[in-house]
Each structure stands twice: as C-alpha cells, then as structure tokens.
Number of protein chains: 2
Amino acid sequence: MRHKKFPKIPEATIKRLSIYNRILNELSRDGIEVVSSARLSEISGLNAAQIRKDLTYFGEFGVRGVGYFVTHLRDNIKKILGINRQWNLIIIGAGKLGQAILSYGNLKSQGYNIVAAFDNDPSKIGTKIGAYNTPVYPLTKLKEIVRKNTVKIAILTTPAVAAHEVLTMLEEANVEGVINFAPVKLNPSKNIKISYVDLVTEFDKMVFKISSE
Amino acid sequence: MRHKKFPKIPEATIKRLSIYNRILNELSRDGIEVVSSARLSEISGLNAAQIRKDLTYFGEFGVRGVGYFVTHLRDNIKKILGINRQWNLIIIGAGKLGQAILSYGNLKSQGYNIVAAFDNDPSKIGTKIGAYNTPVYPLTKLKEIVRKNTVKIAILTTPAVAAHEVLTMLEEANVEGVINFAPVKLNPSKNIKISYVDLVTEFDKMVFKISSE
DNA sequence: GTGTGTGAACCCTTTCACAGCC
DNA sequence: GGCTGTGAAAGGGTTCACACAC
C-alpha cells in the first residue's frame with residue numbers, strides 16, 4: 001500500500017535506486033557530504049538527467065545550484081526501497097549455490113539475514129552451514145519457521161525439477177516473494193512475487209556479444 | 001564480424017533466445033518434434049508475437065500453418081548465440097561464490113568449461129576446488145593459461161576493491177569478456193565486454209515490490 | 001483451417017534542453 | 001553561476017492485427 005501513491009515507476013528505476021544507495025554508502029564512508037548528479041553520473045556510468053528523473057519520482061531531494069546531501073539522499077532511498085530495516089530470509093536448497101549465497105557477506109551487511117536453510121538431504125539436516133552457521137531444516141519445518149521469524153522472502157536454489165513443488169509449499173507458508181535461481185519459469189497460483197536470476201542466460205549473452213563482431 | 005549483418009537486435013531478444021534454447025532442449029528431450037509460438041508462449045510466459053519477431057531477426061525458421069521444428073530451431077539458435085561449441089572460461093576469486101560457480105552443473109552441461117581458478121591466497125594455490133576439481137593458480141599465471149586454453153571469457157568473483165586491478169590484468173591477457181559479480185562499475189580501457197550480475201540489487205528490487213503494495 | 005512473418009500502432013524509457021531556484 | 005526539476009522530443013521495444021503460406 002505504501003508506494004501506490006507513486007504511479008508508474010519504471011522497473012529499471014528501482015534497480016538504479018539500489019545502485020545509487022551503494023554509491024552513496026561509499027561516498028558517505030569517504031566523508032563526502034554533497035554530490036551532484038553529474039558526479040553520480042561519472043561514478044555510475046548512467047546519464048545525469050536519468051539520475052535526476054529517477055529521484056524526482058519520489059520527491060525533491062536535491063538543492064538547486066548545490067546538489068544532493070549524501071546521507072540524506074541515501075536514507076531516503078533506503079526508505080523508498082524498504083531496506084531501512086532488517087529482512088529475515090530463508091533459502092531452499094542447501095547445495096553449492098545455496099551455500100555461496102549463505103556466505104555472501106554483501107547481503108549480510110545490507111541487512112539481509114538468512115535465518116534458515118531447507119533441504120531434504122538427511123545428511124545435511126541438523127547441521128549448520130555457510131560462513132554464518134545457518135541451521136538446515138527439513139521442508140516439513142518450513143511453515144513453522146516462516147511464521148516464527150516473519151519471513152517474507154525465500155531464495156530458491158533447488159534443482160529445476162523440484163522448484164514447482166517447493167513453490168507450492170512456500171505459497172502455503174504465506175511467503176510473499178521468491179528469488180528464483182532455478183532455471184524454470186514458475187507459475188504461482190497466489191499473488192506471490194517471483195524474480196529470476198538466470199546465470200546461464202548471462203553467459204549466453206556474453207558469448208553472443210563476443211561472437212557477433 | 002559474424003552477426004553485424006543483423007542490425008539492431010534488442011538486448012532483450014538475446015536473453016530470450018537463451019531461454020528458447022533451454023525450452024527447446026527440454027521439448028527435444030521429451031520427444032516433441034514440432035512446437036508453435038503459442039505453445040512456446042505458454043511455457044515461457046512471453047508474448048507469442050514477440051517470440052515470432054525475435055526469431056525472424058535471424059531468418060525464417062518456422063513453417064506457416066505448422067510451427068517450428070524443435071531440433072532444427074534449437075540448433076539454429078545455438079549457432080546464432082555462438083553456443084554451438086565449447087567455451088573455455090577462467091574464474092578469478094576462489095571464494096565461496098567462485099566455488100559455487102565452479103560447481104554449477106548447468107554451466108558445464110551447456111558447454112561452459114572452467115579450466116582454471118585464480119586467487120592470491122597461498123593456502124588455495126596448488127589445490128583443486130569445486131565439483132570438477134578445478135586447479136587454483138596465482139594471478140602471475142594468468143596470461144600463460146589464457147593463451148594456452150584460448151580463454152576469451154573470465155568470471156570475476158573477487159571482492160569489489162580488487163576488481164579493477166584484476167581487470168587490468170585481464171585486459172593485458174587479451175581476455176575479451178568479463179562477467180562481473182563484484183558490486184562495482186568497471187571502467188575498461190580496452191575494447192573488452194563487461195556484463196554485471198548484481199545479487200544485492202535483485203534482493204533490493206524484491207523488497208521494493210513487497211513493500212510497495 | 002492453422003500458425004508464421006511483419007508493418008503499423010502502441011507503449012515505455014531515456015535523453016535533451018531549459019526554466020526555475022539556491 | 002551552478003545544478004536541480006521537468007515538459008517535450010527521441011528512441012527502443014512490445015503488441016496488434018492481418019496478409020500470406022502450408
């Protein structure tokens with residue numbers, strides 16, 4: 001309900017806000033207090049007008065003739081994205097990719113807290129894995145742990161064949177969003193958000209770029 | 001040089017070709033010989049007209065009133081993308097994420113062969129890591145191994161601070177493309193292709209979607 | 001009849017150019 | 001003077017609708 005007052009925000013704008021947030025964090029760490037859209041353009045490689053337009057979808061954060069105050073803008077972007085607080089996540093599939101994500105410090109430092117991993121491999125259940133010793137549970141515990149930790153987002157790193165079955169369980173547990181690393185289109189029955197991270201297509205795109213010139 | 005005869009192909013079309021390839025592989029495995037754009041639309045969730053338009057950028061692969069012959073179309077897409085052969089890759093950064101990619105069977109099965117990993121951690125150098133026992137070398141060996149294996153694509157999974165330094169070395173070794181998992185914009189000096197895989201932005205986008213309704 | 005191939009229409013996003021404000 | 005905010009223009013990509021081929 002919160003942002004429906006902002007109509008028609010391009011998907012790409014959201015992605016760029018996330019990038020601005022990262023850059024502003026770095027500028028803030030370096031003690032820089034004010035930044036212009038021209039400077040942000042240099043750092044990000046994005047068009048300066050685009051940066052200004054992205055920001056004005058959500059308000060007027062800049063000062064004419066001056067620029068943007070770094071921490072003020074950063075804090076506002078965090079609020080807009082909804083990342084001005086911790087998010088509890090779970091991960092389904094404790095294979096290699098799952099373990100890599102569990103150990104990925106950049107998520108932790110951005111407020112993403114993976115509270116549990118799920119797998120059906122009996123040799124994994126009951127152990128703690130990854131850099132932050134995340135406990136591994138069987139999928140029968142899914143509903144309970146989602147409720148206890150108010151988990152809204154699940155990361156799916158199972159093999160493709162298992163993905164749909166897991167999706168049904170996630171829907172039953174009232175998870176609201178799934179970040180899907182399995183190379184299959186998911187067909188959610190409920191109003192659940194799905195996003196796709198597809199590594200093979202990234203490699204294929206790179207091969208095309210290289211091969212086509 | 002090969003595809004410059006095809007003018008102005010949307011970036012998104014290339015990504016979809018990769019998806020069509022995956023779906024056609026599955027259809028082929030299931031013994032299905034002919035498929036219509038309507039059926040591909042059901043499977044992929046993409047608009048049928050879009051699918052037809054994507055394909056006609058590169059030729060006329062279909063038969064009116066019939067559809068597309070699965071293996072014929074699949075083989076043509078592979079040729080268009082340049083994935084009708086093996087590609088030797090290297091990975092820089094033998095941390096958790098690097099190891100996960102090294103062990104990711106979907107890349108292997110699509111003809112991506114990671115021949116070596118590079119890291120500066122002395123305790124890793126000389127060992128073999130991941131599901132396919134990939135050898136780990138110091139970065140001083142980069143040029144030699146790239147040349148010996150005709151490597152054109154590198155995967156970058158170092159921490160952000162190291163990324164630029166590594167990029168320079170990759171340029172000197174005449175690598176043509178970099179798939180960058182480090183959360184920094186790279187500024188290549190030579191004509192090297194860079195693509196970005198940014199996990200944190202994916203999570204931020206999902207949080208926005210969930211928070212904004 | 002059926003399903004592709006495709007110009008035209010539509011829609012969305014980016015970029016320009018400058019008015020407006022510090 | 002300098003930099004933001006923003007209508008207007010340009011640019012790209014998607015979808016429609018139907019002619020055309022089997």
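So you know, we letter chains A, B, ... as the sequences are listed, proteins then strands, and number each from 1.
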(message) By the definition side-chain contact (heavy atoms from CB on, under 4.5 Å), identify the one residue from B:Ile155, B:Thr134, B:Leu142, B:Ile114 that meets it with B:Ile90.
(response) B:Leu142
To the nearest angstrom, how far is [X] atom [atom1] from [N] atom [atom2]?
X: A:Ile51; N: D:dT4; atom1: CD1; atom2: P; value: 9 Å
X: B:Leu55; N: C:dT4; atom1: CG; atom2: P; value: 9 Å
X: B:Glu60; N: C:dT6; atom1: CD; atom2: P; value: 5 Å
X: B:Phe61; N: C:dG5; atom1: CZ; atom2: P; value: 9 Å
X: A:Asp54; N: D:dT6; atom1: CG; atom2: C1'; value: 13 Å
X: A:Leu40; N: D:dT4; atom1: CG; atom2: C1'; value: 12 Å
X: B:Tyr57; N: D:dT14; atom1: OH; atom2: P; value: 7 Å
X: B:Tyr20; N: C:dT4; atom1: OH; atom2: P; value: 12 Å

(message) I'd like to compare against my own output: the B/S/- annotation of nucleotides 15-22 of chain C with a strict under-4.0 Å heavy-atom distance to protein.
(response) BBB--BBB
(message) Run the side chain to side chain contact (heavy atoms under 4.5 Å, CB included) test on B:Phe61 and B:Ile80 for me, step by step, so that the C-alpha distance in whole Å, both residues' side-chain angles and the decisive distance to 0.1 Å come before the verdict.
(response) CA-CA 12 Å; B:Phe61 301 112; B:Ile80 292 161; 4.0 Å; yes
(request) Show your reasoning for whether side chain to side chain contact (heavy atoms under 4.5 Å, CB included) applies to B:Lys152 and B:Val175. (result) CA-CA 5 Å; B:Lys152 295 190 173 175; B:Val175 166; over 6 Å; no
(message) Would you say that more than 12 heavy atoms from the other residues, nucleotides or ligands in this model lie under 6.0 Å from the CD of A:Glu33, or not?
(response) no
(message) As an exercise, state the distance from CG of B:Asn21 to CG of B:Asn76, rounded to the nearest 0.5 Å.
(response) 11.5 Å
Phosphate OP1/OP2 of [N] contacted by [X] side-chain N/O (<4.0 Å):
X: B:Arg39; N: C:dG3; value: no
X: B:Ser37; N: C:dT4; value: yes
X: B:Ser36; N: C:dG3; value: no

(message) Heavy atoms from C-beta onward define the side chain here; which of C:dT4, C:dT14, D:dT14 lies closest to that of B:Tyr68?
(response) C:dT4
(request) Please tell me which of B:Gly67 and A:Arg16 maps to the more 5' nucleotide of DNA chain C, matching each residue to the nucleotide holding its nearest heavy atom. (result) B:Gly67
(request) Indicate, with a heavy-atom threshold strictly under 4.0 Å, whether B:Ala48 touches base, sugar-phosphate, or nothing. (result) nothing
(request) Assign the ring pair A:Tyr137 / A:Phe118 to parallel, tilted or perpendicular, where the plane angle (0 to 90°) is split at 30° and 60°. (result) tilted
(request) Any pair with a residue in residues 172-185 of chain B that passes side chain to side chain donor-acceptor pair (under 3.5 Å), sequence neighbours left out, goes on the list, sorted by first then second residue, please. (result) B:Asn174-B:Lys190
